[in-house]
Amino acid sequence: MKYDLSGRLVMGIASSALFDLTDCDAVFREQGEDAYRSHQEAHVDVVLAKGAAFPFVRRLLSLNDLADPSDPLVEVIILSRNDPDTGLRVMRSIQAHGLRISRAVFRQGRSPHRFMPALNMSLFLSANEADVREAVADGLPAGHVLETARVDDETDPELRIAFDFDGVLAGDSAERIFQGAGLDAFRAHEVRNATTPHDPGPLGEFLAGINRIQRREEDERRRNPGYQPRLRVSLVTARDAPTHERALLSLKRWGLLVNDAFFLGGVDKAAVMGVLDPHVFFDDQVSHLKGTAPATPSVHIPFGVVNAPS
């Protein structure tokens, strides 16, 4: 019987986001593909160190304990430019770290993102910026995982996810007005359209999948009052009053939920992240992420007008 991915939260991830491939990449860049292949074969049983997205992925997969093992809520699938032989080290490292990832796509020298729709993926994460931009250009939801100093994986069971709004959960129509006409025009436009929801952005479907898991947690809490929900979602945006109303209305009309909302009006997001301490933060503007990435695993969504070629 075929394995059905519909109805699950399916995420694709490159080995570059899941593991620290610094040494491997250096061999490839400095010595070429043949040396890289030899290096991976010689080190096939050397477990790769955790990468920037590892803590996020581990916690996301841990939420499968809310479901029957034969019918998991979450699927994480490797999408890799490696060929199957050099990808063997990745799969062995996954097993050694105890991650429940059994499915993979290896495409020697080619970006694998075109298989996302076939695999029902609502997000692809990679540390290869070119691959991510290619996926986004093809209309697919993808994020560039930035380097971070925080790659530890403490035993805290909670999973905290933070999202920007414009260009991430929503489209960039309002951002286009801000970029073209300035802050006052942006605010006036959002007030005039306060009762009209935005079009969903690239990560809308991913948040919908996260919300399905939150509802499963709520069902578990009702059955077992001692159960403590582990998945918490925050909105962290540069919007402030009165433009916050349209953002909240849009989320409600889309059927999406957040636990916390921060309308910062230009306040540095990095300061808030230091207290919020999410395991991943998604934003469409590199200028914001330069401040958050050193201490917070951060993902750039290269979508919309702010990421258009200059």
Side-chain angles (χ1 to χ4, degrees), residues 3 5 8-29 31 33-109 112 115 119 121 123-128 131 143-161 213 230-231 279-280 297-299:
Y3 189 76
L5 289 170
R8 308 183 198 279
L9 174 61
V10 185
M11 186 178 76
I13 190 164
S15 53
S16 60
L18 187 60
F19 295 120
D20 181 354
L21 302 183
T22 304
D23 292 344
C24 308
D25 289 344
V27 171
F28 185 86
R29 288 194 308 272
Q31 302 178 45
E33 183 175 350
D34 289 342
Y36 170 77
R37 184 185 301 279
S38 297
H39 175 84
Q40 292 296 67
E41 290 177 355
H43 294 80
V44 67
D45 290 316
V46 178
V47 178
L48 293 163
K50 299 170 184 177
F54 188 99
F56 163 56
V57 171
R58 184 184 71 79
R59 284 171 174 77
L60 189 62
L61 287 167
S62 74
L63 294 164
N64 278 329
D65 64 8
L66 294 163
D68 187 290
S70 65
D71 188 23
L73 300 171
V74 178
E75 286 282 350
V76 176
I77 300 175
I78 297 295
L79 292 183
S80 175
R81 280 180 172 268
N82 281 305
D83 63 30
D85 286 340
T86 56
L88 183 59
R89 185 182 180 191
V90 172
M91 299 307 288
R92 289 192 181 180
S93 295
I94 285 169
Q95 184 177 22
H97 283 290
L99 295 177
R100 293 187 177 181
I101 299 175
S102 61
R103 294 174 172 82
V105 174
F106 293 106
R107 297 270 291 164
Q108 182 181 12
F115 292 87
L119 297 171
M121 290 180 179
L123 182 61
F124 168 50
L125 297 180
S126 176
N128 185 317
D131 280 356
H144 177 212
V145 179
L146 306 182
E147 291 185 14
T148 181
R150 177 184 166 186
V151 294
D152 64 305
D153 196 24
E154 72 281 0
T155 57
D156 174 13
E158 190 171 62
L159 170 56
R160 297 178 293 277
I161 305 175
I213 299 173
R230 290 169 283 164
L231 184 49
H279 297 99
V280 65
S298 300
V299 178

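Residue numbers start at 1 and run along the sequence shown. We use all heavy atoms of the structure for the numbers below, so side chains are in, but hydrogens, waters and symmetry mates are not.
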Task: Stepwise side-chain contact (heavy atoms from CB on, under 4.5 Å) check, S80 with V90 - done: CA-CA 10 Å; S80 175; V90 172; 5.8 Å; no
TODO: Measure the spacing between CD of Q95 and CD1 of I101 and express it to the nearest 0.5 Å.
DONE: 12.0 Å
Open item on the list: Distance check, rounded to the nearest 0.5 Å: R59 atom CZ versus I161 atom CD1?
Closed with: 11.0 Å
- [ ] Decide side-chain contact (heavy atoms from CB on, under 4.5 Å) for L9 and L73; before the verdict, give the C-alpha distance in whole Å, the side-chain angles of both, and the deciding distance to 0.1 Å.
- [x] CA-CA 6 Å; L9 174 61; L73 300 171; over 6 Å; no
Task: Heavy-atom pair of closest approach, residues D156 and R160 - done: OD2-NH1, 2.9 Å
- [ ] Quick one: do L125 and F56 satisfy side-chain contact (heavy atoms from CB on, under 4.5 Å)? Show the steps, please.
- [x] CA-CA 11 Å; L125 297 180; F56 163 56; 3.9 Å; yes
TODO: Decide, yes or no, whether a salt bridge links R8 with D71 under the criterion of side-chain N to carboxylate O below 4.0 Å.
DONE: yes
TODO: Would you kindly check if the NZ (Lys) or CZ (Arg) of R89 is within the cone defined by 45 degrees around the ring axis of F19 and under 6.0 Å from the six-membered ring centre?
DONE: no
Task: Flag if over 12 foreign heavy atoms under 6.0 Å of CD, E147 - done: no
Task: Residue pair A17 / V145: nearest heavy atoms and the distance that separates them - done: CB-CG2, 3.8 Å
Open item on the list: Show, in sequence, the C-alpha distance, side-chain angles and deciding distance for L79 and D131, and conclude whether the side-chain contact (heavy atoms from CB on, under 4.5 Å) test is met.
Closed with: CA-CA 11 Å; L79 292 183; D131 280 356; over 6 Å; no
Open item on the list: Quick check for you: to the nearest 0.5 Å, what is the distance between S62 atom OG and L99 atom CG?
Closed with: 10.5 Å
Open item on the list: Return the CE to CD1 distance between M11 and I13, rounded to the nearest 0.5 Å.
Closed with: 4.5 Å
TODO: Locate the shortest heavy-atom distance separating P157 from R230; write the atom from each residue and the value.
DONE: O-CB, 3.9 Å
TODO: Could you go through the side-chain hydrogen bond (donor to acceptor under 3.5 Å, both in side chains) check for N128 and S126 one step at a time?
DONE: CA-CA 5 Å; N128 185 317; S126 176; 5.4 Å; no
- [ ] Grab the two heavy atoms, one from L48 and one from C24, that are nearest each other, plus how far apart they are.
- [x] CD2-SG, 4.2 Å
TODO: Answer yes or no: is there a side-chain heavy-atom contact under 4.5 Å between L18 and V76?
DONE: no
Task: Distance-minimising heavy-atom pair for L159 and H279 - done: CA-ND1, 3.8 Å
Task: Residue that, paired with L60, satisfies side-chain contact (heavy atoms from CB on, under 4.5 Å) out of L231, V74, V280 - done: V74
TODO: Evaluate the side-chain proximity of V57 to H97: yes if any heavy-atom separation is below 4.5 Å, no if none is.
DONE: no
TODO: Nearest 0.5 Å please: distance from the CZ atom of R81 over to the CD atom of Q108.
DONE: 11.5 Å
TODO: Kindly indicate whether the side chain of L5, heavy atoms from C-beta on, has any atom under 4.5 Å from the side chain of M121.
DONE: no
Task: Distance-minimising heavy-atom pair for A104 and M91 - done: CB-SD, 3.9 Å
Task: Point-to-point distance, once rounded to the nearest 0.5 Å, from CZ of R37 to CG of D83 - done: 4.0 Å
Open item on the list: Would you say CZ of R100 has more than 12 non-hydrogen atoms from neighbouring residues, nucleotides or ligands within 6.0 angstrom?
Closed with: no
Task: Within 6.0 angstrom of D23 CG, more than 12 heavy atoms from elsewhere - done: no
